[in-house]
Amino acid sequence: MNPSDPVIVLKDIRKRYGTFEALKGIDLTIPAGELFGFLGPNGAGKTTLIRILTGILKPTTGTVTIGGADLLTQPEIAKSRIGYVPDRPYLYEKLTPLEYFDFVAGLYALPEGQARQRGEEMLHRFTLWEWRDELIESFSHGMKQKVAMSAALLHDPDILVVDEPTVGLDPRSVKIVRDFFKDLVRRGKTIFLTTHTLSVAEDLCDRIGIIHHGTLVALGTIDALREQARSPGSDLESIFLKLTEEEDLPPPAVTSPAA
Amino acid sequence: MTASFLLIPAVQGLRRQLRKRHPKVLIALVVGGLLVALALYYGLYRFLAHVARAPMLGPIVGPMIGNLLVARFLEMIFLALFFMVVFSSIIAAFSAFYLDDEIRLLIASPIRITHIFWSRFILMLAESSWMVLAFFTPMFFAFASALKSPWWGYLVFLCYLGMYLLLPNILGALLALILSIFFPIRQMRKVFQFLSALVLAMMIIFFRFLEPEKLLNPRYFSSISSYILNLRAPTMEYFPSAWIQQASLTLFDGNLIGSLTTAWPLAATLLAGLVLLHVAAQRFYLTSWQASLEAVENQVLSLEWVRRALILPFRTLRPEHRVVVEKEITIFLRDPAIFSQIFMMAAIVFVYGYNLAILPLKDLPSLYSGEINDSMVYFNGPFIGFILAAISMRFVFPSISLEGRAFWAVKASPLQPSRLMWVKFFFYLGPILGLGLILCYISNMLFKVTHPLLFWLSYLNVSLMAIVITALAIGLGALYARFDSDNPLKIAGSFGGFVFMILSAVYVVNLLLLQAYPLFRLYFIRFYPLTQPAAKVFIGLSFFLLLICTIAWVYIPLRQGQEAIERYEPE
């Protein structure tokens, strides 16, 4: 596969929950080696799209192709190319981090020794080494997030899909994660991330997509988004607010309880 | 804001759960449940009506002693009910008072602490008592019918039963509150589990040493007067079981005023218990809840060598199968409830073996004893099936649910959920089948089975039951998975667990019915030569149908479960 070949191709992705349409026909192509940021207000459909992309949810219609493999018809091949870090790191609480890594490595049919070595490396990198024999149930949210991120990278995936990577992390850990993402992209990996921390997106992402009410309302580099929002020189926050503003809703009135 | 207001989310949750089920499934379950209740009622009623007449003792002494016997059985059942509810309320109290997630939100709100406590108590009451209430009510009604109660006796009895069930729940809640003051919740949980296992073991031993089977046989007593005296004396005089038994007997006799007078110690104890619990909640609930937030202890080291030994035989499996098995073993051994649960299961198996050992087979005329011993093997099958189902309900059925919210990791991986199910099926089949075969071997040894057909048929039946019960536990465990719960007892006691037990019983009936004709022809009338070709065809057809049915009983639940977890969309 050439570096410029698309590794993620989403075609007309729709997701319906009863009468509610969470995604209304998303088309997206992401080339190898890109760090793609996916932004949107709460409830816009980011997490739904990410779960479809990782094979956890099935779209109502549309196709997802990962590195040339169709996620619906060849799920084993497609999923083996992805590492996924969810926004809420629910893990098997009665395992230690190393046992959890062993479990995840098995799911990806990795040889035991290789997984162990990589897991230990990740624990050192994320400063969790001294916690290696503790049960995950005693970990804080941020520590669990780091374990989930380490586990997602055990099988050295071509694509890393990360939902809200910096939530619950302390500033030092946020820096470690940022640097790590940059390093991964340098090594030709593709990263698809969602975040509400716009400074992270602005700093890291090659391209950004903004979703609103289940529709992709903007897509491109920061400069392209500025142009689209007709806001030259603006930062990403201003662009985001402009592109996702609710035209039909008046701003909420703020009154004191005594009034 | 009242305690009942705080129950609205639980009621809404239950309503949502029911709405999710197809109406036809709900109707089938209600009808199935009612049929089981009816069978329980009618079977026990016939037995009690016969015992109440005691025809072997003559028309005058018979009914006198018979009624005493029924009264004694009633007290024993009340006593058993009390201990069972104390046991389940202790377990339910941990979740309801300390471990459920929503308690943090409630404690942080300006709601009065006693209101929070009583709302949690009602949830605990429902969780610990609904199943025993559903199971015991038809049994008590059978007593009422056997003792010829008037119609209003049944209604008043339900009020007595409600009051009686409250008592062990109050005791369970009080114990939880008091001990939580002295121990942080995690350690306390262990202490409690140990205590509850101890209570259960004591109860089992206590009942066994009462030897209820001897009550049916006056020959065990030196004289008829000592027999009657033994029957008249309550098992535990100053205990609620004796009070409710006396009140119920007077009620079934048609004496409402007398019954209400007899029930006063029960009502007074209940009132005192409620006041005591309210005061205890006011003083200790908040403090003990805050103490429950203390750090979790590390339980890795205690059973590490057992874990390593158990996972060793699976090292050669393919990685994706090996890790699933290893995770099952690891999580199983690190469940804090593990010892008390294993202890309880061992107690069930012990009681089963002990009961077999004391069956008065030696009292039967020697000419028939061989025949009866052989036949007992056939009828013993359902008992082994029940034990296997009870153990599977606790250990196998929750297995898929216990993947919990971490199940996203499997869904996002290349491992198909169906493979996970099959690995779990084969993994749990080993111990369930092994246990079934051991129980079968013990019972065959105790019965000294002589006929080869019954000998081999018993092993076949146990093997088929083990396979179907494991498939049902895994399949229905997936179909009715509760990924939001980490309490195996809660999962086992859920709607799906109930369906699992009902269907396990239906399969056992299915198995026995299909074997009835071959057994009748090949064993009970074996001295008549098997010459008619039609009989041979029917025998062949019966076994063929049994095979087909068993395959269906394995395939359908696993298939349904597989579809359910493939459809499942994690949070």
Side-chain angles (χ1 to χ4, degrees), chain A residues 15 17 47-48 50-58 69 74-96 99-112 114-115 131-139 144 148 151-152 155 157 161 163, chain B residues 186 294-304 307-308 311 314-336 338 402-420 423 483-484 486 488 565-571:
Chain A
K15 180 70 182 175
Y17 296 102
T47 299
T48 304
I50 270 204
R51 289 178 181 188
I52 287 173
L53 179 59
T54 50
I56 290 177
L57 297 189
K58 275 191 180 149
Q74 301 168 286
E76 289 87 0
I77 301 172
K79 285 177 176 180
S80 66
R81 292 178 180 154
I82 298 179
Y84 170 50
V85 187
D87 54 343
R88 282 175 289 181
Y90 293 122
L91 309 172
Y92 293 98
E93 306 258 314
K94 292 285 176 199
L95 301 182
T96 65
E99 287 165 355
Y100 182 69
F101 293 160
D102 188 37
F103 174 70
V104 173
L107 296 180
Y108 289 83
L110 292 186
E112 208 177 341
Q114 184 190 326
W131 298 86
R132 66 191 176 282
D133 292 326
E134 298 293 322
L135 295 188
I136 292 173
E137 70 182 356
S138 63
F139 285 15
K144 287 180 186 172
H155 61 291
V161 178
D163 199 355
Chain B
R186 308 286 163 181
E294 285 179 18
V296 182
E297 63 180 309
N298 191 337
Q299 293 169 8
V300 173
L301 299 172
S302 54
L303 286 172
E304 189 55 17
R307 189 185 80 86
R308 283 179 193 277
I311 63 177
F314 301 100
R315 300 299 299 169
T316 50
L317 291 180
R318 289 167 61 174
E320 59 269 43
H321 298 167
R322 174 183 61 80
V323 294
V324 173
V325 171
E326 284 184 6
K327 179 178 70 65
E328 289 296 302
I329 293 171
T330 306
I331 289 177
F332 175 77
L333 286 174
R334 288 177 190 165
D335 177 355
I338 180 76
L402 288 177
E403 292 291 317
R405 292 182 168 114
F407 192 50
W408 65 265
V410 177
K411 292 278 281 185
S413 79
L415 184 77
Q416 287 176 337
S418 57
R419 291 263 288 282
L420 179 95
V423 173
F483 292 101
D484 58 341
D486 62 351
I565 56 171
E566 270 163 12
R567 271 198 313 270
Y568 171 67
E569 299 185 342
E571 283 177 47

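What you see below is based on every heavy atom in this structure, not just the backbone, and it leaves out hydrogens, waters and symmetry mates.
Taking A:L57, A:T54, A:L107, A:T47 one by one and counting their heavy-atom pairs under 4.5 Å with chain B, the maximum is reached by A:L107. Ranked by heavy-atom pairs under 4.5 Å with chain A, the first of B:P319, B:P414, B:P570 is B:P414. Of the residues considered (A:A105, A:P89, A:A109, A:A151), A:A109 shows the highest number of contacts with chain B, using heavy-atom pairs under 4.5 Å. Ranked by heavy-atom pairs under 4.5 Å with chain B, the list A:Y84, A:F103, A:Y100 is led by A:F103. Heavy-atom pairs under 4.5 Å with chain A peak, among B:H321, B:E569, B:K411, at B:E569. Between chain A and the residues B:R567, B:E320, B:E566, the most heavy-atom pairs under 4.5 angstrom are made by B:E320.
B:T330 contributes atom OG1, which lies 9.5 Å from atom CD of B:E328 (distance to the nearest 0.5 angstrom). One distance of note links CD1 of A:I82 with OG of B:S413; it measures 11.5 Å at 0.5 Å rounding.
A:Y17 carries A:K15 over the face of its six-membered ring, with the cationic atom under 6.0 Å from the centre and within 45° of the normal.
Residue B:E403 touches chain A through both its backbone and its side chain, counting heavy-atom pairs closer than 4.5 Å. For a residue to count as touching a neighbouring chain, one of its non-hydrogen atoms must lie under 4.5 Å from one of that chain's; by this rule B:R322 touches chain A with the side chain only. There is no contact between A:I77 and chain B, counting heavy-atom distances below 4.5 Å.
Here the side chains of A:F101 and A:L110 are not in contact, with every heavy-atom distance at 4.5 Å or above. Using a 4.5 Å heavy-atom threshold, the side chains of B:I331 and A:E99 count as separate.
Taking 4.0 Å as the cut-off between side-chain N and carboxylate O, B:E326 and B:R315 count as a salt-bridged pair. Between A:E137 and A:K144 no salt bridge is recorded (no basic side-chain N to carboxylate O distance below 4.0 Å).
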